[in-house]
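These notes are about the structure you will find just below.
In this text the structure is predicted, and so the values were computed from the model without any measurement. Proteins come first, then strands; the chains are lettered A, B, ... in the order of their sequence lines, and each starts at number 1.
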There are 2 protein chains.
Amino acid sequence: MKIGEFASQLGVSTDTLRYYEKHALLTPSVRTQAGYRDYSQTDLKQMMFILRAKNVGFSLAEIKELLQIKFKKHQHSCHEVKNLTIQKRDLVAGRIAELTRFHQSLSVLADKCCGGQEPADNCSILTTLEDIDGLNQ
Amino acid sequence: MKIGEFASQLGVSTDTLRYYEKHALLTPSVRTQAGYRDYSQTDLKQMMFILRAKNVGFSLAEIKELLQIKFKKHQHSCHEVKNLTIQKRDLVAGRIAELTRFHQSLSVLADKCCGGQEPADNCSILTTLEDIDGLNQ
DNA sequence: CTTGACCTTAGTGTGTACTCTAAGGTTTAT
DNA sequence: ATAAACCTTAGAGTACACACTAAGGTCAAG
Ligand SMILES: [Zn+2]
Ligand SMILES: [Zn+2]
Ligand SMILES: [Zn+2]
Ligand SMILES: [Zn+2]
């Protein structure tokens, strides 16, 4: 399968596929005489692995690690795989916590402001940001 | 106050201050004869506004908008300020939702894996990512 | 046999918020 | 007078995941 068809089957761009190849995430097994990439069923499976891993939040660098494990499963342990997953989960949890604080602060700010058409001279959002913290610890 | 002292009072780097100046977030009022930046009390207040706005999650571009409103309050409405705040809050909420899905999927994956020292040949994390989705809708 | 759709490469641009570097001028203390 | 510690600028580098460009080769249809 040439890159165009492969890309549209997977819903990604050809640029993305070339990018993945450059970064050693997916290298099509064969090239045609003309030098065109020729993707196989195996490549399709691997690309779906990549897309699923992306869907659960893994970065491309992390996916690369997972692929290396997948290629040589017997050289790696469950422990290793679970560690990657848990590390990622905890990182995500940290980011959620930060964003939740943002969300809380923004809600407090928004609730203080009347949102009317009058000039912002006394807008509580602005005065709160100007004055000493009514938001943080 | 010269940039070094100003920076350390605020807990930011001098690079950051020069970056903010370049991006029109904070331009110190005066320069000394030697061309050194000379920060005033007003600059200090403005920098604290910027840092507080950062602390609630606004990006530098958004803070720039807020500052422009703050400079000419009578030319802007509460409505405008509240809109910025609510838009940001909703964007943050969207990102939280996405990360929460990631977190959920990663938890499911992690729970499936024994995490032991044995080879990853039958690791459920890998097989789940290989096989047809047991994660997504 | 030519048009148009496809493919190739290498390289640049995007957005965010800095951080670092090079090459040089200024101030303060000894 | 000289060294240390500060300051200046412009510009490049970082991470992430691509998107886009130019300049050119290939393939199927009419
Ligand atoms: Zn109001
Ligand atoms: Zn208001
Ligand atoms: Zn196991
Ligand atoms: Zn496992």
Side-chain angles (χ1 to χ4, degrees), chain A residues 1-40 43 47 49-67 87-88 91-92 94-95 98-99 102, chain B residues 1-40 43 47 49-67 87-88 91-92 94-95 98-99 102:
Chain A
M1 208 183 323
K2 278 188 289 183
I3 197 173
E5 193 187 347
F6 191 68
S8 71
Q9 274 203 21
L10 285 158
V12 303
S13 74
T14 56
D15 276 328
T16 297
L17 290 170
R18 293 197 195 94
Y19 178 83
Y20 285 5
E21 182 170 346
K22 197 174 182 178
H23 292 76
L25 288 160
L26 177 66
T27 306
S29 359
V30 197
R31 291 280 179 136
T32 69
Q33 284 172 326
Y36 290 11
R37 289 167 180 83
D38 188 9
Y39 290 91
S40 69
D43 297 329
M47 189 62 190
F49 180 96
I50 293 171
L51 293 179
R52 285 191 202 103
K54 261 178 68 81
N55 260 323
V56 303
F58 284 114
S59 70
L60 296 188
E62 289 155 349
I63 294 172
K64 201 167 160 182
E65 279 192 79
L66 288 173
L67 284 171
Q87 271 180 33
K88 185 68 188 183
L91 194 146
V92 167
R95 185 76 181 123
E98 184 185 16
L99 289 177
F102 286 171
Chain B
M1 208 184 320
K2 279 189 289 185
I3 197 172
E5 192 187 347
F6 191 68
S8 72
Q9 274 203 22
L10 285 158
V12 302
S13 74
T14 56
D15 276 328
T16 298
L17 289 170
R18 294 197 194 93
Y19 178 83
Y20 284 5
E21 181 170 347
K22 197 173 181 180
H23 291 76
L25 287 161
L26 176 65
T27 306
S29 357
V30 196
R31 289 282 179 133
T32 68
Q33 284 172 326
Y36 289 10
R37 289 169 180 81
D38 188 9
Y39 289 90
S40 69
D43 296 329
M47 191 62 189
F49 180 96
I50 292 171
L51 293 179
R52 285 191 202 104
K54 259 178 67 81
N55 260 322
V56 302
F58 284 113
S59 70
L60 296 187
E62 289 154 348
I63 294 173
K64 201 166 160 184
E65 278 193 79
L66 287 173
L67 284 171
Q87 271 180 34
K88 186 67 187 183
L91 193 145
V92 168
R95 185 77 181 120
E98 185 185 14
L99 289 176
F102 286 170

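Residue A:Y39 holds its OH atom at 8.5 Å from OG1 of A:T27, rounded to the nearest 0.5 Å. Rounding to the nearest 0.5 Å places CE of A:M47 at 6.5 Å from CG of A:L26.
Within the 4.5 Å cutoff, the side chain of B:K88 has no heavy atoms near those of the B:V56 side chain. Looking at A:R37 and A:R31, their side chains come closer than 4.5 Å, going by heavy atoms from C-beta outward.
When all heavy atoms of B:L67 and B:L25 are compared, the pair lying nearest together is CD1-O, 3.4 Å. Nearest heavy-atom pair, A:D38 versus A:D43, reported as atom, atom and distance to 0.1 Å: O-OD2, 4.0 Å. Among all heavy-atom pairs drawn from B:P28 and B:E21, the shortest one is CD-OE1, 3.4 Å. Of all the heavy atoms in B:L99 and A:V92, the pair that sits closest is O-CG1, 3.4 Å. Residue B:L17 comes nearest to B:F6 through the heavy atom pair CD1-CD2, 3.6 Å, listed as atom of the first residue, atom of the second, then distance.
Rounded to an integer number of Å, the gap from NZ of B:K54 to P of C:dT16 is 13 Å. Taking atom CD1 of B:I3 as the reference point, atom C1' of C:dT19 lies 14 Å away to the nearest angstrom. To the nearest angstrom, P of C:dA17 lies 13 Å from CE of B:M47.
Ranked by how close their nearest DNA chain C nucleotide is to the 5' end, B:F58 and B:K2 are led by B:F58.
Classification of A:R95 and A:E98 as a salt-bridged pair holds, one side-chain N sitting under 4.0 Å from a carboxylate O.
For residues 4-14 of chain B, the side-chain hydrogen bond (donor to acceptor under 3.5 Å, both in side chains) pairs, not counting sequence neighbours, are B:S13-B:T16.
With the end axes of the helix from C:dC1-D:dG30 to C:dT30-D:dA1 each set by five pairs, the angle from one to the other reads 30° at 10° resolution.
Contacts between chain B and DNA chain D, taken as any atom within less than 4.0 angstrom of a protein heavy atom, begin and end at D:dC6 to D:dT9.
Looking at residues two or more places apart in sequence or on another chain, you find no salt bridge (charged side-chain N to carboxylate O under 4.0 Å, His left out) involving A:E65.
Using a 4.0 Å cut-off on heavy atoms, the residues of residues 14-25 of chain A that approach DNA chain C are A:R18, listed by number. The stretch residues 26-40 of chain A touches DNA chain C through A:R31, A:G35, A:Y36, A:R37, each having a heavy atom within less than 4.0 Å of the strand.
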Under the side-chain contact (heavy atoms from CB on, under 4.5 Å) criterion, do A:L60 and A:Y20 qualify, and how do the steps go? CA-CA 9 Å; A:L60 296 188; A:Y20 285 5; 3.7 Å; yes
